[in-house]
Asks: 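Sharing a structure below in structure tokens format, with a few things to ask.
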Amino acid sequence: MTKGRATANEGVLECPEFDLQMTIDSGQTFHWTAQQGGYSGCIGDTPVFLRQTGNVLYYRGIDPVLLKSYFSFDHDLEAIRESCRRHPISYSAALACRGLRIMRQPHWECIATFILSPMKQVSHIRQMSLALRTSYGSEIAINTPRPFPNPAVIANSTEPELRRCGLGFRAKNLLATAKLVATGEFNPEKLATMNTMNARMELCSLPGIGRKVANCILLFAYERLDVVPVDVWIARILGSFRSRKSGLLQLEQYGEKLLGPYAGYVQQFLFHTARTGKLELPGTSPRSNSTRASLPRVAKLRTIKNRKGLAVSA
DNA sequence: TACCAGGTGAACT
DNA sequence: AGTTCACATGGT
């Protein structure tokens, strides 16, 4: 109905090389709900509605400057694509992911939701996020989405109550981390000024955060675009590129070298194409929509808490 | 039913 | 230092 034309209270933004749906569905954010041909959610504490038609983004409720920053409109996607041209599989993944941008998410909500991520599918992380926002998020206005709850609000809750949001064993970690942040003992803003290795160590000091989750947070909230989070998908993909099987840390280092200066971005292209069944790997067939991945299995994976001197990317 | 999901941390050899 | 296991929940 309103497709291709702005309604009364909508702002309009040219957005070349941007795919709203792919960006939101790529497993980096879990707080947006598909609605009326667009998405509703919050940017910070501001309720926002977004929809896209072609190269035009229609937005409601938000300063376009913040919007552009949130979705990283300043990232040079062409340069990022070119950075992995020498590696054909990555390059074709990059071409398949035109318009996928790595966002600048608010620090706390990114930390909190990736604490919820271990051993959960993307759709389940969305469910947990929604349950938390519904139960604990403040009501900004009637009939608008609630923002992700502040650390203090979570900190004032209890583990049994958090478990009612379906968090399982993650409830304890979220609660403990929320308390550390609420008291000021841990300051997420401080990490922005630190180098990647030190920021990673700080994150790994939090309960429930190991190397993989820390890397996700560094990539999706702190703009460390060279960092490669190695989850089961990326481990399979990177593992299939080499004959020797290796541990998580080895795969991460291998990935950072192979995928170039924007390795984290390229990792996201590989992750998303694999998860949507579009990635073709040597010796495997792309999965169909209805079946599980046919990607090769990887030996049981162990995680490593970061230690001093273990500089993977300085 | 059994298996898997954007893993982590503690207790084992 | 390397291995093994428990940990909740929801979906196929």
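Keep in mind the model is a prediction, meaning the values are calculated, not measured. In what follows, chains carry the letters A, B, and so on, assigned in the order in which the sequence lines appear, proteins first and then strands, with residues in each chain numbered from 1.
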Asks: Nearest-Å distance, CH2 (A:Trp233) to P (B:dA5)?
Replies: 7 Å
Asks: Under the rule for side-chain contact (heavy atoms from CB on, under 4.5 Å), what residues qualify as partners of A:Pro118, not counting sequence neighbours?
Replies: A:Val213
Asks: Between the side chains of A:Tyr262 and A:His75, does any donor sit under 3.5 Å from an acceptor?
Replies: no
Asks: To the nearest Å, give me how far apart CD1 (A:Ile209) and P (B:dG9) are.
Replies: 9 Å
Asks: With hydrogens left out and only the distance checked, is there a donor-acceptor pair under 3.5 Å joining A:Gln127's side chain and the base of C:dG11?
Replies: no
Asks: If you take the centroid of each ring, where Trp contributes its six-membered ring, are A:Phe220 and A:Phe114 closer together than 6.0 Å?
Replies: yes
Asks: Any side-chain donor-acceptor pair under 3.5 Å between A:Arg224 and A:Thr196?
Replies: yes
Asks: Does the side chain of A:Arg133 come under 3.5 Å of the side chain of A:Ser129 through a donor N or O and an acceptor N or O?
Replies: yes
Asks: B:dG6 base stacked by A:Phe271? Criteria: ring centres under 5.5 Å, plane angle under 30°.
Replies: yes
Asks: In whole Å, what separates the P atom of B:dA11 from that of C:dA8?
Replies: 15 Å
Asks: Using the ring centroid of each side chain, check whether A:Tyr59 and A:Phe49 are separated by less than 6.0 Å.
Replies: no
Asks: Without placing hydrogens or testing angles, list every side-chain donor-acceptor pair under 3.5 Å for residues 89-97 of chain A, not counting sequence neighbours.
Replies:
| unit_1 | atom_1 | unit_2 | atom_2 | d |
| --- | --- | --- | --- | --- |
| A:Ser90 | OG | A:His87 | ND1 | 2.7 |
| A:Tyr91 | OH | A:Arg85 | NH2 | 3.2 |
| A:Ser92 | OG | A:Pro88 | O | 3.4 |
| A:Ser92 | OG | A:Ile89 | O | 3.0 |

Asks: So, for A:Ser117 and A:Lys212, which heavy atoms are closest and what is the spacing to 0.1 Å?
Replies: OG-NZ, 4.4 Å
Asks: Mind checking A:Phe220 for me? I need base, sugar-phosphate or nothing, with any heavy atom below 4.0 Å counting as a touch.
Replies: base
Asks: Go through residues 156-182 of chain A and report each residue with a non-hydrogen atom lying under 4.0 Å from DNA chain B, sorted by number.
Replies: A:Phe169
Asks: Give the nucleotide from the list B:dG6, C:dG10, B:dG7 with an atom nearest to the side chain of A:Val213.
Replies: B:dG7
Asks: Rounded to whole angstrom units, what separation is found between the NZ atom of A:Lys212 and the C1' atom of B:dA5?
Replies: 11 Å
Asks: Write down the atom of A:Tyr70, the atom of A:Cys42, and the distance for their closest heavy-atom approach.
Replies: OH-O, 4.2 Å
Asks: Polar atoms only, N or O, under 3.5 Å: list the protein pairs with nucleotides 10-13 of chain B and their distances.
Replies:
none

Asks: Sorted by first residue and then second, give each salt bridge (charged side-chain N to carboxylate O under 4.0 Å, His left out) pair with at least one member in residues 117-131 of chain A; sequence neighbours left out.
Replies: A:Asp25-A:Arg126
Asks: Which whole-number value in Å describes the distance from A:Leu203 CG to B:dT8 P?
Replies: 11 Å
Asks: Between atom CZ in A:Arg126 and atom C1' in C:dG11, what is the gap in whole Å?
Replies: 14 Å
Asks: To the nearest Å, how far apart are A:Leu248 CG and C:dG2 P?
Replies: 13 Å
Asks: Do A:Glu10 and A:Thr7 have a side chain donor and acceptor closer than 3.5 Å?
Replies: yes
Asks: Expressed in angstrom and rounded to an integer, what is the separation of A:Glu252 atom CD from B:dG6 atom P?
Replies: 19 Å
Asks: Expressed in whole Å, how much space separates the P atoms belonging to C:dT3 and B:dG6?
Replies: 26 Å
Asks: Tell me the interatomic distance from A:Asp25, atom CG, to B:dG6, atom P, rounded to whole angstroms.
Replies: 13 Å
Asks: Check DNA chain C against residues 94-125 of chain A and give the residues with a non-hydrogen atom under 4.0 Å, in numerical order.
Replies: A:Met119, A:Lys120, A:His124
Asks: Between the side chains of A:Tyr39 and A:Thr33, is a donor N or O closer than 3.5 angstrom to an acceptor N or O?
Replies: no
